[in-house]
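To keep things clear, I will list the structure first and then write my remarks on it.
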Amino acid sequence: FAMMMAVISCGSRVPPHQLPPPAISMTINVGDVFEMRIVREDNLPTSFTVAPDGTVDLPYIKRVHVAGLEPQKVAEVVRQQLIDQDYLTDPIVSVSVKEYNSKRVEVLGEVARPGSLRFEPGMTLLRAVSLVGGFNPMAAKDNVTLRRQIDGSTRAVTVSVQDIIDNVTSDIPLQAGDSINVAQRIF
């Protein structure tokens, strides 16, 4: 009986709307891959991966620190360095991220392939579960814990993915760093 009471008290669900909306940070960090184009410089490489020290080696200007910068800021920095070092007088530089490898979402517990996923803008809870192969037969679809870092502390809510599947409640947008844990069913 005590075991049953513990399970019941732990199983109370918090409505997903009590979780703050995801913080959108599109800064570039270690391991991310971005594409950079300089207008009228068609023979230059265009794809770059951020090194472990937060830098990339770029044509003309060599090593540039880009970790923690948003794509448009990287473009501004590169443009200014091209001008300052007298390579180009008025370059047009564009930067777009191809892969946010530094931004991950963890999916643990009773899913087909638990693990870490590369975060994609617009990713939802249902999509993340789908990307790891869905629930395994032991999954408690109505007992899924979502943990999110908010202002330096971790906030956790328990949601029913079954309610999302049944269209009873809306899917939950994720943010980079979220952790999802699918509990095991109790028989």
Checklist entry - side-chain contact (heavy atoms from CB on, under 4.5 Å) between Ser47 and Val33: does it pass, once the steps are laid out? => result CA-CA 7 Å; Ser47 187; Val33 179; 3.6 Å; yes
If Ile, Leu, Val, Met, Phe, Trp and Tyr residues are connected whenever their side-chain heavy atoms lie under 4.5 Å apart, and connections chain through other members, are [X] and [Y] in the same group?
| X | Y | result |
| --- | --- | --- |
| Val78 | Val39 | no |
| Leu44 | Val66 | yes |
| Ile83 | Val93 | no |
| Met26 | Met123 | yes |

Has [X] got a side-chain atom pairing as donor or acceptor with [Y]'s backbone, closer than 3.5 angstrom?
| X | Y | value |
| --- | --- | --- |
| Asn136 | Ala139 | yes |
| Arg37 | Ile92 | no |
| Asn101 | Asp32 | no |
| Arg127 | Leu174 | no |

I'd like to know if [X] pairs up with [Y] as an ion pair, taking the criterion as any Lys NZ or Arg NE/NH1/NH2 lying under 4.0 Å from an Asp or Glu carboxylate oxygen.
| X | Y | answer |
| --- | --- | --- |
| Arg104 | Glu106 | no |
| Asp163 | Lys141 | no |
| Glu76 | Arg79 | no |

Any [X] side-chain heavy atom under 4.5 Å of [Y] side chain:
| X | Y | result |
| --- | --- | --- |
| Ile28 | Pro71 | yes |
| Val161 | Leu126 | yes |
| Leu82 | Pro91 | yes |
| Lys103 | Asn29 | yes |
| Val56 | Thr49 | no |
| Arg148 | Ser179 | no |
| Val144 | Thr158 | no |
| Leu108 | Val182 | no |

Checking [Y] against [X]: is there a side-chain donor and acceptor pair closer than 3.5 Å?
| X | Y | answer |
| --- | --- | --- |
| Arg63 | Thr55 | yes |
| Glu41 | Tyr60 | yes |
| Asn181 | Thr145 | no |
| Asp142 | Gln162 | no |
| Thr154 | Gln149 | yes |

Next on the checklist: Just verifying a value: how many Å separate Asp171 CG and Thr124 OG1, rounded to the nearest 0.5 Å?
Outcome noted: 3.5 Å
Checklist entry - Nearest 0.5 Å, what's the CE-OG distance between Met36 and Ser96? => result 11.0 Å
Next on the checklist: For Leu146 and Asp178: C-alpha separation, side-chain torsions, deciding distance, then whether side-chain contact (heavy atoms from CB on, under 4.5 Å) applies.
Outcome noted: CA-CA 7 Å; Leu146 173 61; Asp178 280 355; 3.9 Å; yes
Checklist entry - Among Val105, Val107, Leu117, which one satisfies side chain to side chain contact (heavy atoms under 4.5 Å, CB included) with Leu131? => result Leu117
Checklist entry - Just one of Val74, Leu69, Asp57, Val77 clears the side chain to side chain contact (heavy atoms under 4.5 Å, CB included) bar with Val64, so which one? => result Val77
Heavy-atom neighbours of [X] [atom1] exceed 12 at 6.0 Å:
| X | atom1 | answer |
| --- | --- | --- |
| Arg118 | CZ | yes |
| Asp53 | CG | yes |
| Asp151 | CG | no |

Item to check | For the student: nearest non-hydrogen atoms of Gly133 and Ala112, plus distance | outcome: O-CB, 3.6 Å
Checklist entry - Do you know the tightest heavy-atom contact between Ala156 and Arg147? => result CB-CG, 3.8 Å
Checklist entry - Do Phe48 and Phe34 make the cut of ring centroids closer than 6.0 angstrom? => result yes
